Amino acid sequence: MKFIDGKERNYANMQVNPCKMCMPMGGAQALKGIRNAMTIIHGSQGCSTYIRRHMAAHYNEPVDIASSSLSEEGTVYGGSKNLKLGIRNLVDMYEPEIVGVLTSCLAETIGDDIDRIVKEVRESGDFEGVDIIPIATPGYGGSQSEGYFKALQSILHYYARGRQDTLFEEEMGGHINIIISNATCEDVRAVKDMVKAFGVEAIVFPDISDALDAPYTPDFKKLSAEGTGREDIKRMFSANATIELGDLADSRYSPAAYLEDSFDIPAYRMPLPIGIHNTDRFVESLSSILNKPIPENLEMDRGRLIDGMIDAHKHSAMGRVAVFGDPDLVFAMSGFLAENGAKVHVAATGSINKRFRTRMDSLLARYGYEGIIMQDSDFETIRDRVIEQDVNLMLGSSDGKFIEEKDGIDLLRVGFPVHDHIGAQRKLYMGYKGSLWLLDSIANKLLDMKHNGYRERMYDTYYPKEVLYG
């Protein structure tokens, strides 16, 4: 096993096309799964434009994100005035129930105190009925993964102030919380259906399933009426349990850990349900928590996945794969590949995550693979390792397309962002059905490689050029 971190990146110890995005990106993604919520980024206008562009291209939906538009004057003298005016304009235009105030590198560097600024906005009395929530997301403080969980935890902290409200007393128990990361809209729908099969209500936090994959309507709405509502969020404090899908985040960022530590709600943190092992763990946890047998339709789906694994194993075993992206997604995808016989040669993330390194090391050792584990990485270094390891298939975001174009190594686009294909929001990777679709896609990619080049390889082996041409 070989481990590579950012210090081995290149001669200048600088990143060339980093394998990550910034914390505000993750925070904005989380807020898009909250009903009637609007995001404002305290920073330069380019920050919100960058995030809007990636999200709109990935989800193929209109994405509005406001900005405090800090200029040179605000950078020198502080951006309080800009942020207050930005919040006022946002509320007047969009009429949201929730406003998430994210910070950027610039706002954090100049030291603007958004907690104080937001408190002053609330105390002005002009925003009755609007929950304005400050969320510190300095771009240099982590990747989009940390920003995503930080936003969710900040929302829970905000609503925990009303823990003694009668709402909590009236609606104790009878439901569970599902916190999910790195999911497509179709993944979220699949997870909800799996819970529904047990006959129980789940509060999915956040719920992007219809908010970022909405059906066509003749009337344009500025804010989505779909997603997790604030009354749903308040009910999370009285749930029977919380299942957090994606468990590599540090516990200080984990919403499930916070609910358990502060409100004694049992937390079940586990990998994303991709592949038979991880999906079994999710389904078995539901069965145990709810004290109910596993529904027949899930047993049938599991059987079809096993049948598909038998069908595909001789093809998937040809895979020499590189996986890159968010830590939770890379870990789950790597486990899925390994259980289907594909060899994980490179597992890379741009985040710095000790749990990722430890868990990936254990996973590859269990299957006897001598892969390379990379964190705090960039695509220049990933490309070097992909070529060095003779990889024949990559799984990751569209940022890997340059390796595909330059070196002819096929890329199966998974994760975020996918900005050069359409339909990323409708892909299904999670659960038994999603795992089967993913397995078919990988096996077919490998079969195409085999069929497309076999004549050239045959001629090179049996009919060398000197025999054909003298």
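All values derive from a computational prediction rather than experimental measurement. Nothing fancy with the numbering, it's 1 onward along the sequence.
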Rounded to the nearest 0.5 angstrom, the CD1-NZ distance for I352 and K20 is 6.0 Å
Can you name the one residue among D112, I117, D113, V118 that meets side chain to side chain contact (heavy atoms under 4.5 Å, CB included) with D115?
D113
In Å and rounded to the nearest 0.5 Å, what is the OH to OG distance from Y253 to S154?
10.0 Å
Minimum heavy-atom separation for P134 to R122, with atom names?
CD-NH2, 3.5 Å
Is it true that atom CG of L85 has more than 12 heavy atoms of other residues, nucleotides or ligands lying nearer than 6.0 Å?
yes
For T103 and E108, test the side chains for any donor-to-acceptor distance below 3.5 angstrom and give the result as yes or no.
yes
R269 backbone acceptor or donor facing E244 side chain under 3.5 Å:
no
Heavy-atom side-chain contact between Y159 and I133 under 4.5 Å
yes
Y432 OH to M194 CE distance, which is reported to the nearest 0.5 Å
6.0 Å
In sequence, state the C-alpha distance, the side-chain angles, and the governing distance for F416 and M25, and then conclude on side-chain contact (heavy atoms from CB on, under 4.5 Å).
CA-CA 11 Å; F416 179 91; M25 177 71 80; 3.9 Å; yes
Closer than 3.5 angstrom, by distance alone: can the side chain of R359 be matched with the main-chain N or O of F331 as a donor-acceptor pair?
no
Would you please classify the geometry between the F379 ring and the F324 ring as parallel, tilted or perpendicular, with 30° and 60° separating the classes?
perpendicular
Working to the nearest 0.5 Å, report the span between NZ of K401 and CG of L411.
10.0 Å
Has S251 got a side-chain atom pairing as donor or acceptor with S254's backbone, closer than 3.5 angstrom?
no
Check: A214 main-chain N/O paired with E61 side-chain donor or acceptor under 3.5 Å:
yes
Y429 vs L272 side-chain heavy atoms within contact, under 4.5 Å
no
Minimum heavy-atom distance between E404 and R413, given as atom pair plus value:
OE1-NH2, 3.3 Å
Is a side-chain N or O of K150 found less than 3.5 angstrom from the main chain of A136, in a donor-acceptor match?
yes
Between A347 and V330 the two heavy atoms that sit nearest each other are CB-CG1, 3.9 Å
Non-hydrogen side-chain atoms of I373 and D361 separated by less than 4.5 Å:
yes
Distance-only check: which donor-acceptor pairs under 3.5 Å involve side-chain atoms of residues 286-301, not counting sequence neighbours?
| residue | atom | partner | partner atom | Å |
| --- | --- | --- | --- | --- |
| S287 | OG | K292 | O | 2.5 |
| K292 | NZ | F198 | O | 2.8 |
| D301 | OD1 | R304 | NH1 | 3.2 |

K445, NZ: over 12 other non-hydrogen atoms inside 6.0 angstrom
yes
Can you name the closest pair of heavy atoms from S334 and V323 and give their distance?
OG-CG2, 4.1 Å
Test item: side-chain donor near acceptor, S68 and N82, under 3.5 Å
no
Which word best sums up how the rings of H419 and H54 line up, parallel for under 30°, tilted for 30 to 60°, or perpendicular for over 60°?
tilted
Under 3.5 Å side-chain donor-acceptor pair for N89 and Y94
no
Any side-chain heavy-atom pair from T184 and D213 closer than 4.5 angstrom?
no
R161 side chain to Y158 backbone, donor-acceptor under 3.5 Å
yes
Sidechain N-carboxylate O distance under 4.0 Å for E284, R281
no
Could you tell me whether a side-chain N or O of E380 sits under 3.5 Å from a main-chain N or O of V16, the two making a donor and an acceptor?
no
Residue among V121, L70, I114 satisfying side chain to side chain contact (heavy atoms under 4.5 Å, CB included) with L83
I114
Of the non-hydrogen atoms in I178 and A202, which two are nearest, and what is the gap between them?
CG1-CB, 3.9 Å
Looking only at heavy atoms, the pair that brings L152 and A30 closest together is CD2-CB, 3.8 Å
Could you check if a side-chain atom of R88 sits within less than 4.5 angstrom of a side-chain atom of F127, using non-hydrogen atoms only?
yes
Do NZ/NE/NH1/NH2 and the carboxylate oxygens of E201 and R235 come within less than 4.0 Å?
yes
Dump the intermediate steps for side-chain contact (heavy atoms from CB on, under 4.5 Å) on M430 and I180, then the final yes or no.
CA-CA 11 Å; M430 297 188 186; I180 182 169; 3.9 Å; yes
Can you check side-chain contact (heavy atoms from CB on, under 4.5 Å) on R383 and F402, steps first, answer last?
CA-CA 9 Å; R383 183 190 179 203; F402 301 106; over 6 Å; no
Could you please spell out the steps behind the side-chain contact (heavy atoms from CB on, under 4.5 Å) verdict for H58 and L212?
CA-CA 10 Å; H58 179 88; L212 285 172; over 6 Å; no
State the CZ-CD1 distance between R302 and I276, to the nearest 0.5 angstrom.
4.0 Å
So, the side chain of Q375 versus the backbone of N353: is there a donor-acceptor pair under 3.5 Å, distance only?
yes
Does the side chain of I382 reach to within under 4.5 Å of the side chain of N17, using non-hydrogen atoms?
no
Spatial distance of atom CG (L248) from atom CZ (F356) [nearest 0.5 Å]:
8.0 Å
Expected output: side-chain T358 to main-chain R355 donor-acceptor under 3.5 Å
no
Donor on one side chain, acceptor on other, D326 and Q144, under 3.5 Å
yes
For S104 and H42, indicate whether the former's side chain and the latter's backbone hold a donor-acceptor pair under 3.5 Å.
yes
I'd like to check F205 versus I34 (side-chain heavy atoms, cut-off strictly below 4.5 Å). Are they in contact?
yes
Would you say the side chain of V204 lies within less than 4.5 Å of the side chain of V191, judging by non-hydrogen atoms?
no
Mind listing the side-chain donor-acceptor pairs of residues 215-225 below 3.5 Å, one per line with the distance, residues two or more places apart or on another chain?
| residue | atom | partner | partner atom | Å |
| --- | --- | --- | --- | --- |
| T217 | OG1 | D219 | O | 3.1 |
| K222 | NZ | M93 | O | 3.1 |
| S224 | OG | E226 | N | 3.0 |

Quick check: are there more than 12 heavy atoms from other residues, nucleotides or ligands sitting under 6.0 Å from CD of E120?
yes
Do R35 and D207 sit within salt-bridge range, that is, some charged N less than 4.0 Å from a carboxylate O?
no
